[in-house]
Amino acid sequence: MQTRFPPEPNGYLHIGHAKSICLNFGTAREFSGLCNLRFDDTNPAKEDMEYVDSIRESIRWLGFDWDDREHYASDYFDQLYAYAEALIRQGKAYVCSLTQEQAREYRGTLTEPGKDSPDRNRSIEENLGLFTRMKAGEFADGAYTLRARIDMASPNMNMRDPVIYRIRRQHHHQTGDKWCIYPMYDYTHCISDALEQITHSLCTLEFEDHRPLYDWVLDQLEVPCHPQQIEFARLNINYTVMSKRKLKQLVDEKLVNGWDDPRMPTLDGMRRRGYTPASIRNFCEMVGVTRSNSVVDVSMLEHSLRDDLDKNSPRAMCVLRPLKVVIENYPEDKTEIMTLPRHPKDDSMGSREIPFAREIYIDRNDFEEVPPPGFKRLVTGGEVRLRGSYVIRCNEVIKDSSGAINELRCTLDAATLGANPEGRKVKGVIHWVPAAAALDVEVRLYDRLFTHEDPDSAEGDYRDYINPESLVVMTGCKAEPSLAGAAPEDRFQFEREGYFCVDRKDASTDNLVLNLTVGLRDTWAKQNK
RNA sequence: UGGGGUGUCGCCAAGUGGUAAGGCAACGGACUCUGACUCCGUCAUCCGUAGGUUCGAAUCCUACCACCCCAGCCA
């Protein structure tokens with residue numbers, strides 16, 4: 001078995017491509033075959049080396065490798081040209097002088113047959129001569145096309161003498177200025193597959209109508225083999241957009257911060273967000289491959305993500321909205337080192353140390369003066385467990401002149417370190433961080449990019465539905481000291497908050513920037529909605 | 001109204017003549033120094049609709065309905 005992943009280098013890869021990558025590379029691997037990487041670079045006007053570089057990196061990051069089997073459709077331009085001449089010699093292709101507008105008129109419509117081009121019966125010699133001159137650059141862009149001679153009355157529009165070569169003076173990222181004529185996709189793809197001895201040419205549903213043309217071209221020519229084209233449904237996920245055009249628009253209009261913005265469904269964006277390659281591969285496995293159009297719920301993706309992250313992320317504490325707490329019965333000059341496991345179920349991850357002191361920070365969300373029913377965090381006069389440390393009781397709330405809470409005065413129960421309190425139960429456990437030793441970090445909170453589950457078909461423009469809260473930057477967050485020295489792309493679970501990763505672009509040793517990959521499931525928040 | 005596809009739980013998705021897998025979500029409950037994780041349980045008498053064939057159909061036949069794709073010198 002031999003497959004290929006054939007991206008056009010005209011944009012960054014997204015999660016939809018991941019499905020195709022997993023299918024092509026995964027299936028080949030499963031049947032001890034090989035999968036090639038082939039850049040489908042027949043339209044230099046839209047393509048760029050920047051894209052080929054990013055595509056290569058994304059595929060490797062996802063966990064797949066193509067060894068030395070990196071091909072380009074442009075590698076076959078000479079052969080493609082020779083095959084075109086062969087087609088002409090058989091009377092199966094002709095040079096057409098119709099303008100684009102005329103060609104459209106001659107093509108007919110979905111319900112009416114097309115008309116033959118006046119050039120359809122041009123002699124073979126004349127066609128050969130004209131085609132040679134097209135290649136030689138004797139004609140202006142668009143003056144002529146080479147068309148396959150099939151059937152202008154076919155109910156399948158693709159068979160109505162499709163253009164297979166067009167004149168386009170355009171610098172090509174691989175072939176430079178060698179060519180001024182470029183072959184079209186339908187003609188190129190099947191021959192490229194055949195030359196690479198592809199056995200299964202997997203593509204998406206919209207190419208189904210092209211299959212007769214794929215087969216027709218190969219049937220006319222003497223090629224090494226005749227691959228089978230097999231179509232599958234492309235991946236759609238709700239609350240996002242997947243078309244390259246729209247993703248590019250979001251980037252160009254600066255509605256997001258580049259192709260690798262953590263809110264983008266691009267593999268680069270997801271990587272920066274903190275997605276793991278394994279979670280994406282697993283997700284692709286989970287959704288399956290069928291021929292029916294479907295929209296997968298993001299919760300499936302997030303499930304796969306959390307599943308992987310829970311197992312593999314070391315835990316840490318980070319207070320996003322710091323509220324100072326003074327432990328009145330704890331000496332000012334005292335500190336105790338608290339040792340906490342990095343993972344509750346995986347001892348091999350070791351432990352971390354956090355100094356406990358008189359002044360600490362807790363999250364403002366973990367304290368309520370007037371708690372809702374069922375609240376089991378800190379309240380005035382109530383007790384709560386500080387994770388991995390003591391149980392404290394809140395005695396007093398200090399407010400500023402405007403009535404905002406400034407700090408909490410608490411006392412701890414010295415008998416509760418590593419032991420349950422006597423004679424009472426403390427249900428709540430909250431995270432904390434030592435005030436003096438904590439690290440100042442920036443935390444970027446991300447949410448779905450769109451507020452509408454199907455921005456594509458929502459009323460108005462899809463851009464109208466961009467979620468204004470898709471990015472919330474939190475500064476002055478306080479992280480436990482063990483985070484010092486965290487490297488780009490390091491992942492953590494901030495206990496009771498979610499999974500975070502060190503931004504691979506903006507973080508430095510003295511300025512930690514953490515991205516929210518995905519929050520923990522939160523039945524409390526859901527219950528209170 | 002031409003051609004090509006697809007319709008199984010809220011969302012994915014098995015099943016292709018023998019009487020509806022699984023996952024996600026949801027909802028109960030257990031456990032818990034993460035309201036997390038984990039664990040247990042509930043969740044399609046019904047497979048787009050209507051007929052028909054058959055001892056027996058989601059699976060075969062007929063008709064109908066809905067949705068998607070195609071009129072780029074894009075891929």
Side-chain angles (χ1 to χ4, degrees), chain A residues 6-8 10 40-43 45-47 73 96 98-100 103-105 107-114 141-147 153-160 162-168 181-182 184-186 188-189 203-212 231 233 235 238 244-245 283 285-304 306-307 310-311 315 317 340 343-345 374-377 384-389 391 416 418-420 426-431 493-498 519-528:
Chain A
E8 183 191 11
N10 67 346
D40 225 330
D41 55 352
T42 55
N43 185 5
K46 290 186 177 169
E47 298 154 8
C96 179
L98 253 28
T99 64
Q100 221 167 133
R104 191 183 314 126
E105 287 164 21
R107 190 155 36 229
T109 68
L110 294 178
T111 50
E112 307 158 43
D141 286 11
Y144 288 101
T145 56
L146 181 69
R147 296 227 257 160
S154 172
N156 182 342
M157 299 297 285
N158 296 300
M159 301 299 267
R160 319 244 263 226
V163 170
I164 59 180
Y165 265 95
R166 75 281 216 188
I167 304 174
R168 182 112 97 201
I181 56 172
Y182 290 99
M184 299 287 288
Y185 165 85
D186 286 305
T188 308
H189 201 85
C203 66
T204 45
L205 252 26
E206 67 270 27
F207 291 103
E208 208 159 0
D209 288 344
H210 297 238
R211 193 172 57 218
E231 310 83 14
L235 173 66
N238 55 193
K244 273 193 203 174
R245 198 201 109 234
F283 168 73
E285 196 67 37
M286 222 165 125
V287 301
V289 180
T290 66
R291 293 171 62 85
S292 66
N293 287 312
S294 58
V295 181
V296 175
D297 198 295
V298 274
S299 67
M300 252 198 246
L301 215 208
E302 292 179 344
H303 167 81
S304 177
R306 290 193 183 102
D307 189 51
D310 175 60
K311 285 194 273 277
R315 313 285 122 126
M317 293 196 285
L340 283 77
H343 191 107
K345 292 178 180 170
F375 191 75
K376 52 185 212 189
R377 280 108 95 148
V384 79
R385 159 78 65 185
L386 293 177
R387 167 128 255 222
S389 180
V391 167
T416 57
N420 285 323
V426 173
K427 279 189 117 174
V429 179
I430 64 174
H431 57 289
Q493 183 204 92
F494 286 165
E495 299 197 73
R496 303 208 315 127
E497 291 288 358
L520 254 23
R521 269 188 76 219
D522 191 349
T523 51
W524 170 246
K526 192 163 46 182
Q527 186 181 123
N528 286 282

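Sequence lines set the chain letters: A, B, ... in the order given, protein chains first and strands last, and positions in each chain run from 1.
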### Query
Would you call Y185(A) stacked on A75(B), i.e. ring centres under 5.5 Å apart with the planes less than 30° off parallel?
no
### Query
With sugar-phosphate meaning primed atoms plus P, OP1 and OP2, does T42(A) contact a base, only sugar-phosphate, or nothing at under 4.0 Å between heavy atoms?
sugar-phosphate
### Message
Judged by each residue's nearest nucleotide on RNA chain B, which is more toward the 5′ side, R315(A) or K345(A)?
### Response
R315(A)
### Message
Students often get this wrong, so: under 4.0 angstrom with heavy atoms, is P344(A) touching a base, only sugar-phosphate, or nothing?
### Response
base
### Query
Q100(A) near the nucleic acid: base, sugar-phosphate alone, or nothing, with a heavy-atom cut-off under 4.0 Å?
base
### Query
Any side-chain N or O of R147(A) under 4.0 Å from OP1/OP2 of G72(B)?
no
### Query
Which part of the nucleic acid, if any, lies within contact of G374(A), taking any heavy atom under 4.0 Å across all strands shown: a base, the sugar-phosphate backbone alone, or nothing?
base
### Pairing nucleotide - U1(B), Watson-Crick or G-U, each distance under 3.5 Å
none
### Query
Nearest of C11(B), C12(B), C73(B) to any side-chain atom of R107(A)?
C73(B)
### Query
Which heavy atom in N43(A) sits nearest to a heavy atom in R168(A), and how many Å separate them?
OD1-NH2, 3.1 Å
### Message
Partner lookup for G72(B), please. Criteria are Watson-Crick or G-U wobble with both distances under 3.5 angstrom; report none if nothing qualifies.
### Response
none
#### Entry: Aromatic plane relationship, Y185(A) with F207(A) - under 30° parallel, 30 to 60° tilted, over 60° perpendicular
tilted
### Base partner of A26(B), which must satisfy Watson-Crick or wobble distances under 3.5 Å
U42(B)
## Note on the structure
Nearest-nucleotide check on RNA chain B, V289(A) vs D209(A); residue mapping nearer the 5' end is D209(A)
### Task
Could you check which nucleotide pairs with U59(B) in any of the strands shown, counting Watson-Crick or G-U wobble with both distances under 3.5 Å?
none
### Query
Given atom CZ of R160(A) and atom C1' of G2(B), what is their separation to the nearest angstrom?
8 Å
### Query
Out of C33(B), G72(B), G3(B), which has the shortest distance to the side chain of P155(A)?
G3(B)
## Note on the structure
Rounded to whole Å, CZ of F283(A) lies from P of G23(B) at a distance of 17 Å
### Task
Determine whether R104(A) and L98(A) make a side-chain contact, defined as any pair of heavy atoms from C-beta on separated by less than 4.5 Å.
no
### Check: N156(A)/S154(A) side-chain N/O donor and acceptor closer than 3.5 Å
no
### Task
Tell me what V426(A) touches on the nucleic acid: a base, only sugar-phosphate, or nothing, going by heavy atoms under 4.0 Å.
nothing
### Query
Donor-acceptor pair under 3.5 Å: do we get one between Q493(A)'s side chain and the base of U34(B)?
yes
### Message
For A75(B) and R245(A) - does any side-chain N or O of the residue sit under 4.0 Å from the phosphate oxygens OP1/OP2?
### Response
no
### Query
Which part of the nucleic acid, if any, lies within reach of G498(A) when heavy atoms closer than 4.0 Å are counted: base, sugar-phosphate only, or nothing?
nothing
### Query
Closest to the L520(A) side chain: G72(B), U34(B), G2(B)?
U34(B)
### Task
Look at all strands and tell whether H431(A) reaches a base, only sugar-phosphate, or nothing, counting heavy atoms closer than 4.0 Å.
nothing
### Summary
Out of C68(B), A26(B), C12(B), minimum distance to the side chain of N293(A) belongs to C68(B)
#### Entry: Short side-chain N/O contact to A13(B) OP1/OP2 from S294(A), under 4.0 Å
yes
### Message
Once you apply a heavy-atom cut-off of 4.0 Å, does S389(A) come out as touching a base, just sugar-phosphate, or nothing?
### Response
base
### Summary
Which of C12(B), A75(B), A71(B) is nearest the side chain of F207(A)? It is A75(B)
### Query
Which nucleotide in the list G35(B), A71(B), G23(B) gets nearest to the side chain of T523(A)?
G35(B)
## Note on the structure
Rounded to whole Å, NZ of K526(A) lies from P of A25(B) at a distance of 8 Å
#### Entry: Sugar-phosphate, base or nothing in reach of R496(A), heavy atoms under 4.0 Å
base
### Query
On a whole-Å scale, what distance lies between the P atoms belonging to G23(B) and C39(B)?
11 Å
### Summary
As its Watson-Crick or G-U partner within any shown strand, both distances under 3.5 Å, U6(B) has A66(B)
#### Entry: CG on L301(A) to CZ on F283(A), rounded to 0.5 Å
4.0 Å
### Task
Select base, sugar-phosphate, or nothing to describe what T109(A) touches, counting heavy atoms under 4.0 Å on all strands.
base
